Amino acid sequence: MRSAVRTSTPPPSAPPLDVDRIRAQFPLLAREVAGRRIVYLDSAATTQKPQSVIEAVCDFYRHHNSNVHRGVHRLSHEATEAYEGAREKAKAFLGAADPAECIFVRGATEGINLVAQAFARPRLGPGDEILVTVMEHHSNIVPWQLACEQTGATLRAAPIDDDGALIWDEFEKLLSERTRIVAVVHASNALGTVNPVKRIVEAGHGVGAVVLLDGAQVAAHLPIDLPDLGCDFYTVSGHKMFGPTGIGVLWGKREHLESMPPWMGGGDMIERVSFEGTTYADLPGKFEAGTPNIAGAVGLGAAIDFLADTGVERIAAYEHELLEYGTGRLSAVEGLRLVGTAPEKSAVLSFVLDGVHPHDIGTILDHEGIAVRTGHHCAQPVMDRFGLPATVRASLSVYNTREDLDALAGGIEEVRRLFR
Ligand code: PMP
């Protein structure tokens, strides 16, 4: 029997959200595909961008474009102000204590690689362990595998149950004084599972490990409160939170960031360079070698403004209701099995349909103007766990509606009819 999806309880105080007003801010949602208004259900891969973000990037290039930090001229001051202003916004959004703890990176992948190479690699050796879970995105597996190859440390993965939830007892059993780093996804992109991250942080700290949380799938869906989470590192991708691609944030505790050597060398990360020896810039510059993605940071700042104006708690409440509706709609389709039915879930509906390959489903839905993702979702160990080559994933965002989910359910019925 299929187990019921119980989704995360939304905050009771959140006032309702005006989805028509939200949708009107996203120009791409007015596009037609296959002669119909697009039904975009692939926000876990990347979110669409509100007009304010598009305009912020254009405005930067039109009126303020210059390199940061190096110039005395007006434009360089403006660019620096815009870039550092975006860092301030990231700081406030994450609840960080200090903007210098917010390192601009290309995205969550680069954030995790930075920690693996600059924090883990110099500290690890044979006998040390890194603990992840089976539900990680490849970006939170492969950087640790590389660090293990380089140091002789061992990577362990905590298992998940049939609903796609972390098996807590097994996770605890894998924690020991050998565990130096715990790296866990806050919300899974393939299953939607929201992990008990506070408990994970406490348990990790209990054995003396440092804890990194991968927040790529959280920033546009659930509030993030770093002091409350208590983790050591947290990383997000701008493009999954209504911002541009190629920009993200790695937040780290100052003491950790200060203890780490630079990862990449080049301009901007130095204090003074000579052939006798080079000294490095203070945080955050030490980890931002080369000309950064200035316009990307500006766009991310605008995306954070959009999130703040809309209210992440209101988004969480709205998506909770949408997820429940979609779960009901899809569960009613004969032969459809949801993959990922954990008690705490966010905006992902992964599924398989008896007798039809996920790629065929995706292609047929595309002909109906419905954009979903099919494949392993960069989480092959999740697919292995469920014995599947792939799933279809419909992922939700604040601009989706019940009508989108009706269209999806109707499209799947059409697939069933074609394959009957
Ligand atoms: N972690 C998770 C959970 C993700 O969903 C993704 C992107 N799908 C990443 C990490 C990597 O993010 P990016 O590709 O933006 O670096």
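The model shown is predicted, which means the values in this text are computed figures rather than measured ones.
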Chemist: Under 6.0 Å from the ring centre and within 45 degrees of the ring axis: does the NZ or CZ of R402 meet both conditions for the six-membered ring of Y325?
Modeler: yes
Chemist: Show me the pairs that pass ring pair (Phe, Tyr, Trp, His ring centres under 6.0 Å) and involve residues 277-299, at least two apart or across chains.
Modeler: none
Chemist: Do E288 and R87 meet the salt-bridge criterion of a basic N to acidic O distance under 4.0 Å?
Modeler: yes
Chemist: Report the distance from atom CG of L250 to atom CZ of R106, rounding to the nearest 0.5 Å.
Modeler: 13.5 Å
Chemist: Does any donor atom in the side chain of E55 or S52 lie under 3.5 Å from an acceptor atom in the other side chain?
Modeler: no
Chemist: Under a 4.0 Å N-O cut-off, is there an ion pair linking K91 with D98?
Modeler: no
Chemist: Does the side chain of S259 come under 3.5 Å of the side chain of R123 through a donor N or O and an acceptor N or O?
Modeler: yes
Chemist: Enter the distance from L283:CG to L257:CG here, rounded to the nearest 0.5 Å.
Modeler: 5.5 Å
Chemist: Quick one: do the H137 and Q217 side chains pair a donor with an acceptor below 3.5 Å?
Modeler: no
Chemist: Is it the case that the side chains of S43 and Y399 hold a donor-acceptor pair, with the cut-off being a distance below 3.5 Å and no angle test?
Modeler: yes
Chemist: Using the test ring-ring contact (aromatic ring centres under 6.0 Å, His included), find all partners of F119 that sit at least two apart in sequence or belong to another chain.
Modeler: F233, H256
Chemist: When you check the gap from the basic side-chain N to the acidic O, do E413 and R416 get nearer than 4.0 Å?
Modeler: yes
Chemist: State which residues pass ring-ring contact (aromatic ring centres under 6.0 Å, His included) with H239; sequence neighbours excluded, sorted by chain then number.
Modeler: none
